[in-house]
Number of protein chains: 2
Amino acid sequence: MTYGTIATWRMAHEGVIKANELLKKQGTAGDAVEALINTVEAYPYYKSVGYGGLPNEQGVVEMDAAFMNGDSFAIGAVAGIQNVKHAVSVARSLSHDHFNSFRVGSGATQYAMQNDFEIVNMLTPRARKIWQNRLKEMREKNLNPYDGHDTVGAITLDLQGSMAAATSTSGLFMKKAGRIGDSPLSGSGFYVDSEVGGAAATGLGEDIMKGCLSYEIVRLMADGKTPQEACDQAVYPFIEKLKKRYGKAGEFSLVAMNHKGEWGVATNVEFTFSVGNEQKASRILMANPGPDQTTIIEPITQAWLDAYEKRIKAPVE
Amino acid sequence: MTYGTIATWRMAHEGVIKANELLKKQGTAGDAVEALINTVEAYPYYKSVGYGGLPNEQGVVEMDAAFMNGDSFAIGAVAGIQNVKHAVSVARSLSHDHFNSFRVGSGATQYAMQNDFEIVNMLTPRARKIWQNRLKEMREKNLNPYDGHDTVGAITLDLQGSMAAATSTSGLFMKKAGRIGDSPLSGSGFYVDSEVGGAAATGLGEDIMKGCLSYEIVRLMADGKTPQEACDQAVYPFIEKLKKRYGKAGEFSLVAMNHKGEWGVATNVEFTFSVGNEQKASRILMANPGPDQTTIIEPITQAWLDAYEKRIKAPVE
């Protein structure tokens, strides 16, 4: 038995370190994945997840999150939830119920309030300022308003052989009220089976749900593919199919880990992620689409990390 | 080229007849599937779809619906929408947008209002009475409140070779506010690819989304299976897996049609459906689970139809 964690984007890294520390000490996959996502949700400079996440066009932060137990397939999910610090914890709590385990809108928020989850105004002054600036830009320059859809999605494997998956996002910046993406949708945003492996997605949810790519990656792993083969074979042909049939394809990035702690990634854009297992410490890597439906994975550079740090903390005028 | 329609439950039958009439006259798969679902949504004696649908525990009718275009994979969906006569038409309208095509809660209702969809109080006096009676029963007998989750889900194939899928439901009777099931979720409640076929589900949404069964059926058809083989091979092994891993499995019924108009069904309960194609007129059939992971399909009896008619129209005291 071994342990391991993989998660989308550089923002997940501190959470991945925390998850692998828990897993090393016999922590459960469920506890580790929740701790990972909670770390990202709490950090105010990440603009697409949790506290500090950017709002919808009306200035309201609406969040989507999900949790899946790879042993039992139990799923909990919330979408369009408001005022909740840790949406993924609400999702995990819902996963314990057989009925009513996916709740949306004010019903989801009610559940969080009635079950004593931390309620805060999720619109930080910084996020409000970014939103106001965007409204102004839209008026002045007639820009496409949509931007930013970086979901944190993660897969964990524990020393008992159990796996879990979870996602959390504030969704597309400037989205219409009540818009949800793939992150809370089983099979699209996430899927995990402890006897096989798990996968999670980030990118344009409206397009990811057209392909059920997380389910397809897990299915390919069940069929004997390595996580990297499964990611490549699920993601790249579907992007081609979508371009042909729908005329275009948004951004897609998927991560996967199998029940042996091996991992894979596929993406059609520059994509950072964090991964670590018993054999190799948690680290940030960068993925890019390669030739012939492959993925190029490289170490991250210090220059990239420095520029990232500067960018996310840049003053907002 | 041929045409055909299949849909879940006896309640879909008048809609299936209408859909096949449209398809015979060169109507599109999208128009036919919307007309089918609209017919079910408008009929006040169907307690689990549209007007006359039973409310959540707070007495509010909250609906879920989806539409998928099998040519382009475009999807529109709504969940937890209120006061809208034809939720599936809202979903279809959303499918034309690349962004914001899945909306939940009050944001979904806002979209319907702003786009001039018919707004009505969906809680009929009959449904209100059934809800009040159930509240009383729950107080007196401490019953499990949940009951009834009959989604109308349908697949259509038109003479141009295009296919569409759609679903509509008021969800689980007495559900918690904001609870949604599988019906609006791509891959779980529905999936369709015009080059392969489509599938749609009804049953306990919380369990159906654990298996992404509509996607899996379409995938098996792409792999060369007939619709009946695909239904049997996707549904029955997953129900066994769920019993083993989750400890139980709710009700599942799936219908499928391929791009040749051939069809299949799988179910773990007594399940009626309606199907017709160019070769054979629309008719109601009954399916039951058979031995060795097969499905037994029989004609419906007049006695069953008479009892059904009597039951749905029985006076509510």
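In what follows, chains carry the letters A, B, and so on, assigned in the order in which the sequence lines appear, proteins first and then strands, with residues in each chain numbered from 1.
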Mark yes or no for whether [X], through its side chain, and [Y], through its backbone, hold a donor-acceptor pair below 3.5 Å.
X         : Y         : result
Asp158(A) : Thr28(A)  : no
Asn100(B) : Lys176(A) : yes
Asn258(A) : Gly197(A) : no
Thr151(A) : Thr202(A) : no
Trp131(A) : Leu54(A)  : no

Part of [X] within contact of chain B (heavy atom distance under 4.5 Å):
X         : answer
Asp97(A)  : backbone
Leu94(A)  : neither
Tyr191(A) : side chain
Glu195(A) : both
Ser106(A) : neither

Just so I understand: if I count every heavy-atom pair under 4.5 Å between each of [options] and chain A, which residue has the most?
options                                  : value
Arg103(B), Met209(B), Arg179(B)          : Arg103(B)
Glu206(B), His98(B), Glu62(B), Lys210(B) : His98(B)
Ser101(B), Gly105(B), Gly80(B)           : Ser101(B)
Cys212(B), Gly205(B), Gly187(B)          : Cys212(B)
Lys175(B), Lys244(B), Gln110(B)          : Gln110(B)

Distance-only polar pair, side chains of Ser194(B) and Asp71(B), donor-acceptor under 3.5 Å: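 Note: Ser194(B) and Asp71(B) side chains meet the donor-acceptor criterion.
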Pair Tyr215(A)-Glu216(B), side-chain donor/acceptor within less than 3.5 Å: yes
Between [options], which residue shows the highest count of heavy-atom pairs closer than 4.5 Å to chain B?
options                                   : value
Leu242(A), Asn69(A), Asp182(A), Leu204(A) : Leu204(A)
Asp207(A), Leu185(A), Ile180(A)           : Ile180(A)
Val104(A), Val78(A), Ile75(A)             : Val104(A)

Residues Arg245(A), Asp193(B): salt bridge by 4.0 Å N-O rule: yes
Flag side-chain contact, heavy atom, 4.5 Å: Met68(B) against Ser95(B): no
